[in-house]
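All residue numbers refer to positions in the sequence shown, counting from 1. Since the structure is predicted, the reported quantities are computational estimates derived from the model, not experimental observations.
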Amino acid sequence: MSTVLITGGAGFIGSHLTESYLEKGYEVVAVDNLNSGTLGNLGNVRGNPMFHFYETDIRDAEALFKIFDRHTPDIVSHHAAQKSVPYSMENPVEDANKNIIGLLNVIAAAGRFRTRNFLYVSSGGALSGQTEGGGASREDDIPQLASPYAVTKYAGENYVRIYASKFKFDYSILRYANIYGPRQISDGECGVIPIFIDNILSGRQSVLTTYPDMPRGCTRDYVYVGDVVDANLLLTENPANRIVNIGSGEETSVLDIYEMLQKIFGTSLPIVTSAPRQGDIKRSVLDSRRIFDLNGWSARTSPEQGLTLLKKHISALGVAKE
């Protein structure tokens, strides 16, 4: 039986991973400071004897080492992070503390307690390469590094690579596209979908940031959380030992997403335009052929399918509350 430790285990993606690892027979240790994650996200697994939860900040090295000492995880899935581009622009020191110092604490614990496989979540959006002609970004393209958040995630990739060699563990660096699905909250780099949904459910107008040459807003590569969980499970069994993009390869504008949501929710609310945020990448779409070649993974859920699934989840929660 293998033990996996998930940092950010009570968060949006981490909680879905927790459930899936448990279903696959893993023992799961979730570590989260509950800054953005919630115990409610773990409601389906609380009480499972194979599940352990610790309310701990990864910047607390002493507490983290005690958890590693108690459970000696074979696998670490590092999802805890400061993930907001605008926040990193205003608070670069805090961004570095969470995304670099926190990561180094986790790496040090993994090395001391001989973790054999380390999965590190990076950002395909913030690290989109400078591609000619606006094509899909590949893992070997030069990142644009337009924000402190992008800089810390890129630095994190290199720390993982260096210490994987030093501590002799396998690793995978997962450059996520824009992930969406149940439990996502309306903040951070990937928060446009929950922001739109909150506005739609409240009857409020939404805001679209645009450029003169991009009147439909920035474009992104949207991937449903269930597909992302599948990629993590595959890389748990078959580490890449390199960077892999986790994206759909499809470029979708923010206004396209808003119009899909309006249709799915049956609304016709207005949207107003504004100037872009500092640090934003105008276009981002990922070439994920590397992970497909490695283990056959590809995103299987289209934005229309994923947003419909999300609407069903929200409707089910509403019925449960009634």
Side-chain angles (χ1 to χ4, degrees), residues 13 78-79 81-100 103 120-162 171-180 187-193 195 208-223 228 231 240 242-257 273-291 299:
I13 301 172
H78 183 57
H79 277 73
Q82 191 299 112
K83 61 184 181 300
S84 169
V85 167
Y87 184 90
S88 78
M89 297 294 295
E90 299 296 325
N91 303 277
V93 174
E94 184 72 5
D95 179 75
N97 277 333
K98 292 181 178 179
N99 290 349
I100 294 181
L103 167 64
Y120 171 69
V121 173
S122 187
S123 172
L127 296 180
S128 289
Q130 299 173 344
T131 58
E132 295 184 8
S137 176
R138 304 189 68 174
E139 292 89 347
D140 296 329
D141 292 336
I142 299 172
Q144 296 180 58
L145 301 179
S147 67
Y149 169 74
V151 171
T152 59
K153 297 307 284 186
Y154 189 55
E157 293 183 351
N158 287 282
Y159 278 120
V160 170
R161 178 180 54 80
I162 290 167
Y171 72 96
S172 299
I173 294 169
L174 293 78
R175 282 189 182 171
Y176 284 169
N178 280 52
I179 316 305
Y180 69 97
D187 74 344
E189 174 68 9
C190 305
V192 66
I193 288 175
I195 288 171
L208 174 70
T209 59
T210 64
Y211 294 86
D213 59 336
M214 298 181 72
R216 296 185 67 80
C218 298
T219 60
R220 294 291 184 265
D221 185 333
Y222 293 93
V223 183
V228 175
R242 60 196 310 191
I243 299 167
V244 290
N245 285 336
I246 307 297
S248 70
E250 298 294 328
E251 190 173 3
T252 306
S253 76
V254 175
L255 187 55
D256 286 340
I257 291 293
T273 60
S274 73
R277 306 176 305 182
Q278 189 177 14
D280 261 347
I281 300 294
K282 292 174 68 175
R283 302 179 66 184
S284 176
V285 59
L286 304 184
D287 183 329
S288 297
R289 285 178 291 180
R290 177 177 289 178
I291 188 172

With distance as the sole test, does Asp221 use its side chain to make a donor-acceptor pair with the main-chain N or O of Ser248 at under 3.5 Å? yes
So, the side chain of Asp141 versus the backbone of Arg138: is there a donor-acceptor pair under 3.5 Å, distance only? yes
Residues 86-93 side chain polar contacts: donor-acceptor under 3.5 Å, at least two apart:
residue, atom, partner, partner atom, Å
Ser88, OG, Val85, O, 2.7
Ser88, OG, Tyr149, N, 3.1
Asn91, ND2, Tyr87, O, 3.2

Asp256/Arg216 under side-chain contact (heavy atoms from CB on, under 4.5 Å): CA gap, chis, key distance, verdict: CA-CA 8 Å; Asp256 286 340; Arg216 296 185 67 80; 2.8 Å; yes
Pairs flagged by salt bridge (charged side-chain N to carboxylate O under 4.0 Å, His left out) wherever residues 143-161 is involved - sequence neighbours left out: Glu157-Arg175
Checking side-chain contact (heavy atoms from CB on, under 4.5 Å) for the pair Glu251/Arg220: CA distance, chi angles, key distance, verdict? CA-CA 6 Å; Glu251 190 173 3; Arg220 294 291 184 265; over 6 Å; no
Indicate the atoms forming the closest heavy-atom contact of Ala299 with Val223, along with that distance. CB-CG1, 4.3 Å
How long is the straight-line distance from OG of Ser122 back to CD1 of Ile243, given to the nearest 0.5 Å? 7.0 Å
Polar contact flag, side-chain donor to acceptor under 3.5 angstrom, His79-Tyr176: yes
Tyr159, OH: over 12 other non-hydrogen atoms inside 6.0 angstrom: no
State, with a plain yes or no, whether a side-chain heavy atom of Ser123 is found less than 4.5 Å away from one of Tyr154. no
In this structure, CD of Glu250 is separated from OG1 of Thr219 (nearest 0.5 Å) by 12.0 Å
Between Ala146 and Ile281, which heavy-atom pair has the shortest distance, and what is it? CB-CD1, 3.9 Å
Gap separating the CG atom of Leu145 from the OG1 atom of Thr152, nearest 0.5 angstrom: 10.0 Å
Taking all heavy atoms of Ala126 and all of Ala150, pick out the closest pair and write down the distance. O-CB, 3.6 Å
Establish, from distance only, whether the side-chain atoms of Ser284 and Ser128 form a donor-acceptor pair under 3.5 Å. yes
Can you list the steps and then say if Leu103 with Val160 is a side-chain contact (heavy atoms from CB on, under 4.5 Å)? CA-CA 9 Å; Leu103 167 64; Val160 170; 4.2 Å; yes
Gln82 side chain to Asp95 side chain, donor-acceptor N/O pair below 3.5 angstrom: yes
Taking all atoms of both residues into account, what is the closest heavy-atom pair of Ser172 and Ala240, and its distance? OG-N, 2.9 Å
Going through the distances and angles, do Thr252 and Ile257 end up as a side-chain contact (heavy atoms from CB on, under 4.5 Å)? CA-CA 7 Å; Thr252 306; Ile257 291 293; 4.0 Å; yes
Report the distance from atom CG of Leu208 to atom OG of Ser253, rounding to the nearest 0.5 Å. 8.0 Å
Is the closest basic N to carboxylate O distance between Glu139 and Arg242 below 4.0 Å? no
Would you mind checking if Arg290 and Asp140 are paired as a salt bridge, meaning a charged N to carboxylate O distance below 4.0 Å? yes
Measure the shortest side-chain to side-chain distance between Arg283 and Met214 over non-hydrogen atoms and say whether it is less than 4.5 angstrom. yes
Below 4.5 Å, heavy atoms only, C-beta onward: do Thr210 and Val254 meet side chain to side chain? no
Measuring from atom CG of Asn178 to atom CD1 of Ile193, what distance do you get when rounded to the nearest 0.5 angstrom? 7.5 Å
Side chain to side chain contact (heavy atoms under 4.5 Å, CB included) with Asn245: of Val285, Ile291, Leu286, only one passes, and it is Leu286
